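Structure record follows, encoded as structure tokens.
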Amino acid sequence: MTQDAASPHPAPAGPVQSEPTVQSEPTVQSEPTVQSEPAAEPEPAAEPEPPVLAEPSWRQVGARNPEWLPWVRELHSIAQAGLAYSQDPYDLERFEQLRRLSYEIAAHCTVVTVEAAEGLFGGEVGYQTPKVDVRGVLFDDDRILLVREKEDGGWSLPGGWADVGLTPAEVVVKEIFEEAGLRAEPERLLAVLDKRRHGHPPYPNDTYKIFIRCRVVGGIAGGGLETSEVGWFPRDALPPLSEKRNTAGQLALMFGYLDDPTAPAVVD
């Protein structure tokens, strides 16, 4: 019932006799409240263990300043040469210390341990020399052949490290077949480039890159163990490149030989 509604039984006139007051029972004093102990703070969540790195690889190196890389490579090569040619035991000890120092510098500048740096830089014995990478250059009219690398998803000229016991021409024929499924014949040398001078991402070893023009003589285009796709691309529609293997500038140089097949080879 709302406050505005009239009562159906109006009260009689005159004073209303109130009901006698009933004395309430005396209030019973309650026991004092015992304060409970504060709830214990939850233990902080344990920090997750850092992931254990798999076998060391250059992809795990997070260089804060790539300028350190040439210094480490030079230190390591000097130490390696000293260990290869020195006879004096004291000199051998010093060169071993120098080589260890190159690993410690590399580890400090990256996210790997000293032992991992040793695995990255110390894979060779004897006098240290640059690695050799051989790439095949094939054209179809105004398009160049590229393969898509499974490792990083980028595209590159078919090729790879030179193999012991094979000539550069034999290496490029083998790599084109393994990575692109095509039979090829070498035609001429186009370039020998020093990887340090062409804008590649930092790499632990000096590398000479050999580019050989080839022509297709058979086979069926298709990916291989290290590649997922094969394609022919014009110069103005190149896919994202695997820059550790080849750069846009190098492909522009290769297209230059399509424009002028008689241009001399480039050697750094």
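Scope of the values below: all heavy atoms of this structure, side chains included, with no hydrogens, waters or symmetry mates. In what follows, residues are counted from 1 in the order of the sequence shown. Everything quoted here is computed from the prediction, not taken from an experiment.
At least one side-chain heavy atom of Arg135 sits under 4.5 Å from a side-chain heavy atom of Ser156. The shortest side-chain heavy-atom distance between Arg143 and Phe233 does not fall under the 4.5 Å cut-off. Counting heavy atoms from C-beta outward, Glu96 and Glu93 have side chains that stay 4.5 Å or more apart. Side-chain contact between His198 and Asp268 is present, with at least one heavy-atom pair separated by less than 4.5 Å. Looking at Leu241 and Asn246, their side chains come closer than 4.5 Å, going by heavy atoms from C-beta outward. Counting only heavy atoms from C-beta outward, the side chains of Asp206 and Arg196 approach each other to under 4.5 Å. No side-chain heavy atom of Tyr257 sits under 4.5 Å from any side-chain heavy atom of Phe211. Considering only heavy atoms from C-beta on, Arg235 stays 4.5 Å or farther from Asp142 through its side chain.
Ala184 and Val217 get closest at one heavy-atom pair: N-CG2, 3.9 Å. Nearest heavy atoms, Gly159 versus Glu175: O-OE1, 3.3 Å. Taking each heavy atom of Pro261 and Arg213 in turn, the nearest pair found is CB-NH1, 4.5 Å. Closest approach of Ser86 to Phe95, counting heavy atoms only: OG-CE1, 3.2 Å.
Salt bridge status for Lys244 with Glu151: present, with a side-chain N to carboxylate O gap under 4.0 Å. A salt bridge between Glu226 and Lys150 is absent, with no side-chain N of the basic residue lying under 4.0 Å from a carboxylate O of the acidic one. Of the charged side-chain nitrogens involved, none lies within less than 4.0 Å of a carboxylate oxygen, so that Asp133 and Lys131 do not count as a salt-bridged pair.
Considering only residues two or more places apart in sequence or on other chains, Asp236 meets the side-chain hydrogen bond (donor to acceptor under 3.5 Å, both in side chains) condition with none of them. Scanning for ring-ring contact (aromatic ring centres under 6.0 Å, His included) contacts around Phe255 gives Phe139, with sequence neighbours left out.
The NZ atom of Lys195 sits 9.0 Å away from atom CD of Gln250, with the distance rounded to the nearest 0.5 Å. The structure places CG of Asp91 at 11.5 Å from CG of Leu98, a figure rounded to the nearest 0.5 Å. Atom SG of residue Cys214 and atom CD of residue Glu187 lie 7.5 Å apart, to the nearest 0.5 angstrom. In this structure, CG in Leu157 is found 11.5 Å from CZ in Arg245, a value given to the nearest 0.5 Å.
Cluster partners of Val147, by chain and number: Val132, Val134, Leu138, Leu145, Leu166, Val171, Val172, Val173, Ile176, Leu182, Leu189, Val192, Ile210, Ile212, Val216, Val230, Trp232, Val267. The rule joins Ile, Leu, Val, Met, Phe, Trp and Tyr whenever side-chain heavy atoms lie under 4.5 Å apart.
For the residue pair Thr227 / Glu179, no side-chain donor-acceptor distance below 3.5 Å is found, with atom types taken as modelled. The closest side-chain donor-acceptor pair between Thr262 and Asp260 falls under 3.5 angstrom. A donor-acceptor contact under 3.5 angstrom links the side chains of Asp152 and Ser242, judged on distance only.
Leu190 and Tyr208 sit in two unconnected hydrophobic clusters of ILVMFWY residues. Membership requires side-chain heavy atoms under 4.5 Å apart, directly or through other members.
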